[in-house]
Amino acid sequence: MKTRSPFLNYIADYMLVRQYSLRTVDTYLRWIASYIHFHNKRHPASMGDNEVERYLEHLVLKQNVAPRTQATALNSLSFLYKHIIKNELSLNLNFARSKKQAKLPVVMTPEEVKLLMTHLNKRYYLIAGLMYGSGLRVMEAVQLRVKDIDFDYKCIQVWNGKGNKHRIVTLATELIPMLRNQILHVDDYLKLDLKNTDYAGVWMPYALTKKYPCASKSLAWQYLFPSHILSTDPQSGEIRRHHFHHSCIRKEVKKAVQKSGLTKTITPHTLRHSFATHLLQSGADIRTVQAQLGHSDVKTTQIYTHVLQQGANGVISPLSKIL
């Protein structure tokens with residue numbers, strides 16, 4: 001593992017104390033480190049708007065990054081100067097912006113989803129079913145806890161999703177038997193872990209460990225998709241059982257795509273795209289789809305209507321009229 005500088009360690013500690021996710025911390029640190037190395041390891045306090053503009057232009061002109069990538073780099077540096085350096089960047093930064101066209105999402109047909117699911121490893125079938133059946137992002141799916149499944153109302157509670165937002169999504173009735181079996185599997189792990197004197201319980205958000213000292217060892221708070229091994233908490237050093245790593249899902253979906261012979265560029269996120277598109281095809285209101293996906297702006301959800309309009313549902317090819 002690469003050792004961070006004291007400055008980057010300070011930023012990491014600052015972010016973790018303020019409950020930033022580990023993924024956000026890692027992303028911001030990578031961009032900040034890249035910025036520092038680009039300017040020959042000068043301290044950010046000795047730099048400002050001009051150096052940030054040069055770096056952002058370098059990302060576009062030399063590295064040809066996508067608009068979202070450049071935006072993430074800018075967000076990282078804005079955070080650095082606002083919260084760490086205490087000298088905010090100008091709101092009118094002047095730099096070349098990436099103008100790559102945003103891609104339309106790849107969407108599978110229901111038949112392709114079914115084919116993909118039949119080739120998935122049994123261990124990952126349920127989590128893929130939740131991503132397609134409930135429109136979950138990969139991290140939202142792996143971070144589900146037992147308590148988040150509401151069998152009575154057939155819904156799932158998603159806590160601290162993208163943008164730290166909460167929402168309630170639908171639960172496919174067909175997955176309920178598998179979910180109940182999965183919870184029994186989680187319970188078996190928990191019983192085994194409780195016999196381990198070093199086991200500190202599952203990781204709990206915010207200060208809930210102090211408020212509910214027994215909750216971390218209760219079934220309700222355990223991850224729905226636990227790792228098959230115990231690991232050391234990077235923050236506290238305590239022994240815990242974490243959830244599946246998101247990279248495992250990506251690898252398994254990739255394997256299933258190869259086995260099924262599908263030629264589309266399919267990732268776990270394609271299941272979420274397909275969920276939204278198929279909901280719209282079935283007649284669901286776009287506001288309903290927006291709420292299910294957790295989009296702040298309906299404009300984001302409208303990309304799925306574009307997928308429908310630009311395909312066979314949108315126009316009739318002139319070739320069809322002569323053949």
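- Geometric assessment of Arg240 against the ring of Tyr199 yields a negative cation-pi assignment under the 6.0 Å and 45° thresholds.
- Between His228 and Tyr189, a ring centre-to-centre spacing not shorter than 6.0 Å is recorded.
- The closest donor-acceptor contact from the side chain of Arg272 to the backbone of Leu293 lies under 3.5 Å.
- Under the 6.0 Å cut-off for aromatic ring centres, Tyr124 and Phe225 do not qualify, their centroids lying 6.0 Å or more apart.
- Here the side chain of Gln70 pairs no donor or acceptor atom with the backbone of Ala66 at under 3.5 angstrom.
- A 4.5 Å side-chain heavy-atom check between Val106 and Thr267 finds every atom pair outside the cut-off.
- A perpendicular orientation is assigned to the rings of Trp31 and Tyr55, their planes being inclined by more than 60° (bins at 30° and 60°).
- Not a single donor-acceptor pair under 3.5 Å links the side chain of Arg241 to the backbone N or O of Ser231.
- Contact of the Val289 side chain with the Phe275 side chain is not registered, since no non-hydrogen atoms from C-beta on lie closer than 4.5 Å.
- Taking the six-membered ring for Trp, Phe79 and Tyr20 have ring centres closer than 6.0 Å.
- Between the side chain of Lys165 and the backbone N or O of Asn160, no donor-acceptor pair lies under 3.5 Å.
- Both the sub-6.0 Å distance and the 45° axial angle are not jointly satisfied by Arg123 relative to the ring of Tyr125.
- With contacts defined as side-chain heavy-atom distances shorter than 4.5 Å, the pair Tyr35/Ser76 does not qualify.
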